[in-house]
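Below is one structure, written out as structure tokens, with a few remarks after it.
Whatever order the structure lists them in is the order used to number ligands and atoms, beginning at 1.
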Amino acid sequence: MRPTYLEVNLPRLKQNLENIRAHVAPAKVMAVLKANAYGHGIDGVAPYIAPHADYIGVALVEEGIHLREIGIHKPILVMGGTLPEQIPAFIQHNLTLAASSLELLDAAEQAAQSAKTKLKVHLKIDTGMERIGVHDYEAEPFLEKSLSCSHLDIEGIFSHFANSDAPDLVHAKLQLERFSEVLYFYERRSLPRPPIRHMANSGAVLQLPESHFDMVRPGLMFYGVYPGRDVKRTVDVKPALTWHSRVAYSKITQPGRPVSYGSLWQPQSPARIVTIPCGYADGYFRRMTNQAQVIVNGKKYPQVGRICMDQFMVNVGNDDAEAGDEVVLFGDGITAEDLAEWAGTNEYEVMTNISARVPRVFVR
Ligand SMILES: *Cc1c(COP(=O)(O)O)cnc(C)c1O
């Protein structure tokens, strides 16, 4: 195996899930496992976590199919946009469809009817994200239509926050109000409403208890990372990732001999420069050049010279370091927030960007 690998602490993830569950009870908890379990590695995370989750959330139907193929039997909601021609795959693999338009609802009813089966559906309402979903102010005919779809099991109704992780919750509360107004349709007509109402992503799990309804959908915080520095940390969660590597090469570099492509950095006096066998093709952002820090033999040092596709260099100065020495790129004092800041992005992209070339090692 490569010396560069990602260690994933599965019991940590389970503990995070349990802490979230204690905070939102009696609401159910959907574990959001899209995007390769936020980079953690779906094949290790899903079998370990599925028994402890009430529902699993993914973005793509392909992600749902993959989970079925590796033996996951829990209900799976495909939350992203779906095209009508993808509906048969939902039926074949017993996946729950996010019905985000009248047309899709119609197509789902027809597909289920011709397959002589029932398809599970969650109605998607757009209350202010302006992504997929039927606008709250146009929801009535959509809900009405759903009542007449006898081949669909309308199990849920949901919406998604655009700003639940912000310190200012004015927009999030407006979205919540719009969603509640949509749900009032069922009361007004004395109709049973879909049993699972859900809206809360990580920010709302932490900051908006009124939004927990019957189920919550935490992604980032399930992986132990808070969405933004300013969010209220009302649930204790801890990161599960450590990105390990080892020194591949060690040499003294002299002043006047700049390091790496573009010659962007050189030492002021002779310095020990070590090479790490990891680069931007592994998801170690090139944008972090001359900004990142790395732990070598337990101590933090600056990354220097342009980050290459498969390797980058670190300045350990006057310290000793040789080929084979332990390196940590992420975890053990270097946080997702740090990498996000160095790369000019957010914690979500830092984690989902770690490429498939980096082996995942699951600790049970
Ligand atoms: C990704 C996603 C989530 C999880 O969001 P986090 O901010 O990671 O908690 C919840 N709901 C939907 C619809 C999503 O796409």
Side-chain angles (χ1 to χ4, degrees), residues 13 16-17 19-21 23-24 27-40 42 45 49 53-64 67 75-82 95-101 104 121-134 156-166 169 171-172 175-176 179 196-209 211-235 237 239-241 336-337 340 345-353:
L13 293 180
N16 292 341
L17 196 70
N19 293 358
I20 293 166
R21 185 182 290 290
H23 180 72
V24 303
K28 294 172 190 287
V29 183
M30 170 187 285
V32 178
L33 302 184
K34 62 186 176 185
N36 197 23
Y38 283 44
H40 290 57
I42 190 69
V45 172
I49 285 301
D54 300 300
Y55 227 104
I56 291 171
V58 295
L60 315 179
V61 66
E62 290 79 3
E63 293 175 327
L67 284 170
I76 298 172
L77 174 64
V78 177
M79 301 186 292
T82 293
L95 302 171
T96 306
L97 176 75
S100 51
S101 70
L104 196 62
V121 165
H122 289 206
L123 305 172
K124 178 69 194 282
I125 309 299
D126 186 344
T127 55
M129 177 75 178
E130 296 299 328
R131 198 166 64 180
I132 63 169
V134 176
I157 180 164
F158 73 114
S159 190
H160 188 60
F161 284 112
N163 295 295
S164 65
D165 52 0
L169 291 170
H171 186 240
Q175 283 195 263
L176 185 56
F179 189 52
I196 313 180
R197 301 161 297 173
H198 52 106
M199 192 168 186
N201 52 1
S202 293
V205 168
L206 292 163
Q207 306 200 113
L208 271 171
S211 73
H212 295 172
F213 292 104
D214 307 303
M215 183 163 76
V216 297
R217 308 190 304 266
L220 195 71
M221 69 178 294
F222 161 61
Y223 300 98
V225 177
Y226 294 95
R229 290 187 191 264
D230 301 324
V231 79
K232 280 190 221 140
R233 303 194 170 193
T234 53
V235 182
V237 292
L241 284 188
E337 286 87 349
T345 184
N346 65 6
E347 297 80 2
Y348 294 80
E349 194 184 8
V350 165
M351 299 200 297
T352 56
N353 193 58

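Evaluated for a side chain to side chain contact (heavy atoms under 4.5 Å, CB included) with L77, the options V121, L97, T96 yield exactly one hit, T96. A side chain to side chain contact (heavy atoms under 4.5 Å, CB included) with I196 is found for exactly one of F213, F158, Y55, namely Y55.
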May I have the N/O to N/O pairs between ligand 1 and the protein that fall below 3.5 Å, each with atom names and distance to one decimal?
from     : atom 1 : to   : atom 2 : distance (Å)
ligand 1 : 7 (O)  : Y348 : OH     : 2.6
ligand 1 : 8 (O)  : Y38  : OH     : 2.5
ligand 1 : 8 (O)  : L220 : N      : 2.7
ligand 1 : 9 (O)  : S202 : N      : 2.8
ligand 1 : 9 (O)  : S202 : OG     : 2.5
ligand 1 : 9 (O)  : G219 : N      : 2.8
ligand 1 : 11 (N) : H160 : ND1    : 3.4
ligand 1 : 11 (N) : R217 : NE     : 2.8
ligand 1 : 11 (N) : R217 : NH2    : 3.3
ligand 1 : 15 (O) : K34  : NZ     : 2.7

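In the model, H198 has no side-chain atom that pairs as donor or acceptor with a side-chain atom of H212 under 3.5 Å.
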CA sep, side-chain torsions, deciding dist, call: H40, M351, side-chain contact (heavy atoms from CB on, under 4.5 Å): CA-CA 8 Å; H40 290 57; M351 299 200 297; 3.9 Å; yes

Kindly indicate, with the supporting measurements, whether the criterion side-chain contact (heavy atoms from CB on, under 4.5 Å) is fulfilled by D126 and I132. CA-CA 7 Å; D126 186 344; I132 63 169; over 6 Å; no

Show your working on side-chain contact (heavy atoms from CB on, under 4.5 Å) between V205 and M221 and close with a plain yes or no. CA-CA 9 Å; V205 168; M221 69 178 294; 3.6 Å; yes

